[in-house]
Amino acid sequence: METWSVDQVCSWLVEKNLGELVHRFQEEEVSGAALLALNDRMVQQLVKKIGHQAVLMDLIKKYKQKSQELKSPGETAPVTQAERNVRHILARNKALQWTKSYVLPEFPYDVKCMLAEQKCPDHSMRIRIIEFLQADMTKYLEGSLYPSTQQYNDVVNALLQAHPFLDEDGCGFFLWKRALKDRFKYVRRPIEDDEQVMRNKCKFGHRRGQTRKSLADIRFEIKTVQIKEEAVCLDPEVDEHINWFQQEYVKTEKDWREIDKRMSQTLEIRRKLIGGRTPLKDILKMFPFLQCPYQLFREFQLLTRTDIFKKTRHILESYSENILTSLSLVDNPIYIALQEKMEQHTDEDMLKHMKMTATCLLLPDVFGEDSSLFVIVNDKVQVSTPVLEVKNPFNMDVCEFSLYLEKERLTKVDDCITALAALIASFHVFGIECPRRLSQTLNFLETLIFDVHSPYSPSMKEKEKEVGFQHPVT
C-alpha cells in the first residue's frame with residue numbers, strides 16, 4: 001500500500017464500498033503513503049460522514065497491524081534503528097523541500113503599501129496579489145502549471161503567516177487557495193502534445209482516439225462534473241441548509257439569528273458556486289436570502305470587512321452638495337427637476353433626502369459615463385448588469401427604489417442610501433465585472449468605501465476636484 005498511486009487508492013476505496021470518497025481523495029491527491037499517514041484529525045477534515053470516518057480508520061489500522069505481523073518473522077534482515085532514523089530524515093527533508101525553498105515574492109510598491117498598512121485589499125488588489133503568487137510559483141516549479149495540493153497550501157500559509165490580517169474571519173485560507181487555483185486554471189494552455197496535459201487527460205478519461213460525443217451528452221457531463229467538482233449536491237449537510245433556507249424564506253416571521261449563522265456556515269460553498277460561474281438564478285434559488293439587502297450587506301462585510309451601508313451613507317451626506325454644484329450638471333433635466341421640487345419644500349430632512357437621491361441619479365454624468373448602466377428613472381430596465389430602477393425620485397410619498405440583476409428585480413428598498421449600497425455590493429457579492437462605461441463612477445465610489453488610493457486618469461482627477469473629493473489621510 002505504501003507505493004500505491006492515487007488511482008490505486010481510489011480503486012481500493014471502491015472495493016471497500018467507500019466509492020463516495022473517490023472524488024475527494026483525487027482532489028487532495030491521497031496516495032498510498034499519504035493514506036497510511038492520515039491521523040484522526042486529517043480523516044475528519046477529509047471525510048464528512050462519521051460512518052465513513054470510522055470504517056476508513058479501521059481499515060487503515062487493520063492494514064498496519066497486518067503489515068507488522070508479516071514483518072515480525074525473522075526471515076528478512078531486521079531494520080536497525082539508525083536505518084529507520086535515516087529513512088525518516090530523508091522522507092521528512094523531501095516533504096519540507098518546497099516549504100524551505102519558498103519565500104514570498106517581492107510585491108509591487110502599491111501592494112507593499114497596502115500590506116504595510118494592513119488594509120483589507122479590494123477586488124483589483126486581490127487579483128494583483130494572486131497574479132504575482134502564481135507567477136512566482138511557476139518560477140519555483142520550473143515552468144509547470146500544475147502545483148500539488150501541498151504546494152498550494154504552503155504558499156497560502158506563507159502569505160497568511162506573513163500578513164495575518166488577510167485571514168478574513170477564519171475563511172481566508174480557503175478563499176486565497178481557491179483564488180490561486182482558479183488563476184492557474186486560467187493560465188494553463190490547452191497544448192495537445194504537452195506531456196503533463198496528456199497524462200491528466202488519460203487519468204480523467206480523455207484518451208486519444210475517443211469518438212466525438214453528442215451535444216446533449218457533453219452538456220450532461222459538464223453539469224455532472226460541476227456538481228461533483230464542488231461537492232454541493234453530494235453533501236447532505238449543504239442540502240439540509242439549502243432546504244432550510246427555502247422553507248424559512250417563505251415564512252412571515254423569520255429567525256434572523258439562525259439565518260445569519262447558516263449563511264456564515266455556507267459562505268465557502270457560495271463562493272465556490274459563484275466563482276464557478278453558476279447561473280445567478282440557481283444561486284438565488286439555493287440562497288434566497290441574498291435578495292434581502294441586509295444579507296447582501298452582511299455578505300459584503302464577510303468578504304471585505306467593510307460596512308457598506310455606513311460608508312455609502314457617509315458618501316452621500318458628505319459629497320452631495322459638491323456633486324450637485326458641479327458645472328456639468330447645470331443643464332441636466334434631473335438637476336432642473338430637483339431645483340423645482342426643492343422650491344416647493346422647506347423641511348430640512350426632505351431637502352436632504354432629495355439631494356442625496358439626485359446624487360445617486362447624477363453621479364455617472366459627473367464623470368461623463370453612461371448613466372443607463374447605473375440607474376433607470378421611470379423607465380424599463382434593459383441591461384443585464386446590476387442597475388437601479390427609480391420611480392418618482394423626488395416624491396417621498398410614492399418614491400420607489402429597486403435593484404435589478406439580469407433584467408430581473410432582485411430586491412426593493414426604501415431609500416437611496418440602501419439602494420446605492422446594494423448596487424455596489426452586488427458587483428462584489430455576485431462576482432460581476434464592472435461595465436467599462438461605468439468604471440470611473442464605481443472606481444470613485446469604491447475608493448471612498450475602501451479608503452484606498454487608486455490609479456486615476458487625469459480627467460478623473462479633475463472630476464474629483466470638481467466634486468470636492470479628498471483622499472483619506474493615512
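Positions are given from 1 along the sequence.
Residue pairs satisfying the side chain to side chain donor-acceptor pair (under 3.5 Å) criterion with at least one member in residues 414-431, sequence neighbours excluded, are listed as follows: D415-T418, H428-E446.
Side-chain contact check for L363 versus F444: some heavy-atom pair is nearer than 4.5 Å. At a threshold of 4.5 Å between non-hydrogen side-chain atoms, the residues P121 and L166 count as touching. Proximity of L18 to L59: side-chain heavy atoms (C-beta onward) are separated by under 4.5 Å at one or more points. You'll find the side chain of F309 stays beyond 4.5 Å of the side chain of T312, heavy atoms only. Side-chain contact between F367 and N443 is absent, with no heavy-atom pair separated by less than 4.5 Å.
A salt bridge is absent between R178 and E268; no separation between the charged side-chain nitrogens and carboxylate oxygens falls under 4.0 Å. Between R271 and E299, at least one side-chain nitrogen of the basic residue sits less than 4.0 Å from a carboxylate oxygen of the acidic one, meeting the salt-bridge criterion. A salt bridge is defined here as a Lys NZ or Arg NE, NH1 or NH2 lying under 4.0 Å from an Asp or Glu carboxylate O, and K49 with E20 meets this definition.
In summary, of the residues considered (I334, L361, V375), a side chain to side chain contact (heavy atoms under 4.5 Å, CB included) with P393 occurs for L361 alone.
If you take CD1 on I308 and CG on L303, they are separated by 11.5 Å, rounding to the nearest 0.5 Å.
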Residues 127-134 side chain polar contacts: donor-acceptor under 3.5 Å, at least two apart:
from: R128; atom 1: NH1; to: D110; atom 2: OD1; distance (Å): 3.0
from: R128; atom 1: NH1; to: D110; atom 2: OD2; distance (Å): 2.3
from: Q134; atom 1: NE2; to: T138; atom 2: OG1; distance (Å): 3.0

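Aromatic pair W12/Y63: ring centres not closer than 6.0 Å.
Residues passing the salt bridge (Lys or Arg N to Asp or Glu O under 4.0 Å) test with E400, sequence neighbours excluded: K412. Under the salt bridge (Lys or Arg N to Asp or Glu O under 4.0 Å) criterion, D379 pairs with no residue, sequence neighbours left out. For Y294, there are no ring-ring contact (aromatic ring centres under 6.0 Å, His included) partners at least two apart in sequence or on another chain. Evaluation of the ring-ring contact (aromatic ring centres under 6.0 Å, His included) rule for Y404 yields no partner, not counting sequence neighbours.
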After noting the C-alpha distance and the side-chain angles of D260 and Q295, does the key distance pass the side-chain hydrogen bond (donor to acceptor under 3.5 Å, both in side chains) rule?
CA-CA 8 Å; D260 290 349; Q295 283 300 329; 2.6 Å; yes
